[in-house]
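Beneath this line is the structure, given in structure tokens, with notes to follow.
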Number of protein chains: 2
Amino acid sequence: MAQKLTLKKIAQDLNVSISTVSKALRDSHEISVETRDKIKDYAKKYNYKPNNIALSLKNQKTKKIGIIIPEIVHHFFATVISGIEKVANEKGYQVIICLSGESFDKEVVNMDMLANGSIDGFIMSLSKETLERQDFHHLREVLNQGMPIVMFDRVVDSIACDKIIIDDVAAAQSATDFLLRKGKKNLGIISTVDYVNVGKLRTQGFKDALLKRGIKFKESSVLRIEDAENCTKSIEKFLKQGNYDGVVAVNELFAVTASKALKKMGKSIPDDVAIIAFTDGMLSKYASPTLTTIGQKGEDMGGLAAAKLIERLESKHDMEESYETVIVKTSLVERESTP
Amino acid sequence: MAQKLTLKKIAQDLNVSISTVSKALRDSHEISVETRDKIKDYAKKYNYKPNNIALSLKNQKTKKIGIIIPEIVHHFFATVISGIEKVANEKGYQVIICLSGESFDKEVVNMDMLANGSIDGFIMSLSKETLERQDFHHLREVLNQGMPIVMFDRVVDSIACDKIIIDDVAAAQSATDFLLRKGKKNLGIISTVDYVNVGKLRTQGFKDALLKRGIKFKESSVLRIEDAENCTKSIEKFLKQGNYDGVVAVNELFAVTASKALKKMGKSIPDDVAIIAFTDGMLSKYASPTLTTIGQKGEDMGGLAAAKLIERLESKHDMEESYETVIVKTSLVERESTP
DNA sequence: TTGTAAGCGTTATCAG
DNA sequence: CTGATAACGCTTACAA
């Protein structure tokens, strides 16, 4: 069990000083070619690699990015991480992931832990509970220490930092309008409770689209789901009562659940009822019928977030106070659930 | 932008020495109650938190676990991470995630980076390319340095370390037998290329189940898929030629693809053809028809892997050379795709 | 009861 | 050309 090699050991073994070794390995011209080669050969032979922790302490930077998201088992978040990881890796950074599990406390604890030197900056999407409480002191504290944050998807206006979002209102509006253009007249939307801002914004877009075409908007055409695990019953009831010919769903899960409910009711998709969903993930691609979706480009969002954060980390603090909100274009992926 | 508080600054502000501050904050009885309280109040007021990097360097342990997996967008891996994260967090550890993207080189590079002090141990599942090449020098190097590794799912026998797996042979055998018991006679299996060991093992189990019942096994009843992205054509062809009444698929994706192909061919599921898949994820739950699956308990596997790793990290090096392979029981989840 | 000093592994500055 | 020293932030013998 060969212990890890350090500068100190190399120095001892080769009867030189630590600083000589350090300089030789960094190709300093102060060192004679002979000693340099001797040291470099030795280092290569025994596979010396500098200790990252020591470097972090010395340089006051870790080359690590902290990611805090609600859940990793949601495909959208997984794609975002994938995008972050890719860009981060290219630029020599690594990612530390913490899950809040939609809990405010866990979000705070994890953030505190990471903020104490483990990382250089954060990329995060807020937990539902945090959004509900509207308590953002942990974010403020971190920003106050001079540690940058990039928020994505679930963001809040009142925090000054870089943000990567999609234009939820516009996307929902165009999704809704898409159904209207296909000749659907009586639309319903399956959304989340309002404190989840993306749900609220998408509902707003739905409403806007109707009003723009002079169709009156009824509150009863909105279903706001609290508990995604047990949404089947309420979706069935909603669809039965509304007798819609077009449905907008704010995520894939609501959409497939609606699709199943409709089939059970003997409706044919897309002829009797058309469905369009947010989040272009696995379910949409493989459900029967396949679902028309608004793609959220999770990987792009992650990549942009990472690029933005790293840019800020590596700029000489000269981009102070000029925060940017990037709006990522969504894409409409047409499949079988719409005519 | 309040700079981060350190022991040094507290010491200066309060006109005491650094070690006094350190001791006071750790409730040392060496320190008088007055100074202790004074220091603790000050620390609390300005929200002092010790720097993790400094602690890591001092203690020679980071309280971080490195995870290396092929992809995060695969639901199974996401559930495993979720399980790891949960257990790790409970025990005061955090997770650093690196993705190999099924590439050998990326796996090696990432592992090297993490091994240089950033983490205390690894949890990993090998990339396809690594399995194909059978080159495990990077694993050996890490183990040689005394850094523990726990492998899961895609493991190799020749590396001595703890492993968390499912009994792929037995699971495939029981899945196959399940179809036979339901009266199916002519079975096919959709698997991966053989160097992916789980594919190979599951194919083996399929074969075993047939032989055990005295049914002869034909090589032609195995489809080995190389490229999961473009498997539709080959699956269609395979199903048409074989005219099976029961299909085992080594993952969800192959299963839904098969399901769609069969429906297109006018077959009814499960009456004409029954399907059983590995990996109980989103697709199986929401496909039409829903799929009967072998649940791999990703979250459990992750939790066990984390627990095992941490146990090894925190034991006083007295469990040397006694590596364990934990076999996690799979569960059969019956849904609509089987009678 | 408090302070000094060494050490974790590096790098950078300054002497020799 | 080479080496000693300080520093990053912290803990912990050991002195005072």
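Every chain is numbered from 1 and lettered A, B, ... according to where its sequence line falls, protein lines coming before strand lines. Only this structure's heavy atoms are used, side chains among them; waters, hydrogens and symmetry mates stay out. Small disclaimer: the values here were computed from a predicted structure and weren't measured.
- Checked against salt bridge (charged side-chain N to carboxylate O under 4.0 Å, His left out), B:E85 has the following partners two or more places apart in sequence or in another chain: A:K106.
- In the displayed structure, B:H137 atom NE2 is contacted under 6.0 Å by more than 12 heavy atoms of other residues, nucleotides or ligands.
- A heavy atom closer than 4.0 Å to some atom of DNA chain C occurs in A:T6, A:L7, A:K8, these being the qualifying members of residues 4-17 of chain A.
- Side chain of A:N52 to main chain of B:L114: no donor-acceptor pair is present (N/O by atom type, distance under 3.5 Å, no hydrogens or angles).
- Reading DNA chain D from its 5' end, the first and the last nucleotide to sit under 4.0 Å from a heavy atom of chain B are D:dC8 to D:dC14.
- A donor-acceptor pair under 3.5 Å is absent between the side-chain atoms of A:N197 and the main chain of A:V156, judged by distance alone.
- Of the possible donor and acceptor atoms, none in the side chain of A:E314 sits under 3.5 Å from a partner among the backbone N and O of A:E311.
- Applying the salt bridge (Lys or Arg N to Asp or Glu O under 4.0 Å) rule to pairs touching residues 43-57 of chain A yields A:K49-B:D112, sequence neighbours excluded.
- With sequence neighbours excluded, no residue forms a ring pair (Phe, Tyr, Trp, His ring centres under 6.0 Å) with A:Y48.
- B:S82 places no side-chain N or O within donor-acceptor distance of the main-chain N or O of B:A78, the cut-off being under 3.5 Å.
- Within residues 19-29 of chain B, the residues approaching DNA chain C are B:S19, B:T20, B:K23, by heavy-atom distance under 4.0 Å.
- When the side-chain contact (heavy atoms from CB on, under 4.5 Å) test is applied to B:N59, the partners found at least two apart in sequence or on another chain are B:L55, B:K61.
- The closest side-chain heavy-atom distance from B:P148 to B:L309 is below 4.5 Å.
- C:dG3 atom P lies 8 Å from atom CD1 of B:I31, rounded to whole Å.
- Listed by residue number, A:K49, A:P50, A:N51, A:A54, A:L55, A:K58 are the residues of residues 49-66 of chain A with a heavy-atom contact under 4.0 Å to DNA chain C.
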May I have the list of side-chain donor-acceptor pairs in residues 18-25 of chain A shorter than 3.5 Å, sequence neighbours left out?
unit_1: A:S19; atom_1: OG; unit_2: A:S17; atom_2: OG; d: 3.3
unit_1: A:T20; atom_1: OG1; unit_2: A:S17; atom_2: OG; d: 2.8
unit_1: A:K23; atom_1: NZ; unit_2: A:E30; atom_2: OE1; d: 3.3

**Request:** Treat a base pair as Watson-Crick or G-U wobble with both distances under 3.5 Å, then lay out DNA chain D in dot-bracket form, 5' to 3', with | for cross-strand pairs.
**Result:** ||||||||||||||||

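- At least one donor-acceptor pair closer than 3.5 Å links the side chain of B:N110 to the backbone N or O of B:L99.
- The salt bridge (charged side-chain N to carboxylate O under 4.0 Å, His left out) search around B:E71 returns none, not counting sequence neighbours.
- Of the residues in residues 39-48 of chain A, not one comes within less than 4.0 Å of DNA chain D through any heavy atom.
- Under a cut-off of 6.0 angstrom, the local environment of CG in B:D157 is sparse, with at most 12 non-hydrogen atoms contributed by other residues, nucleotides or ligands.
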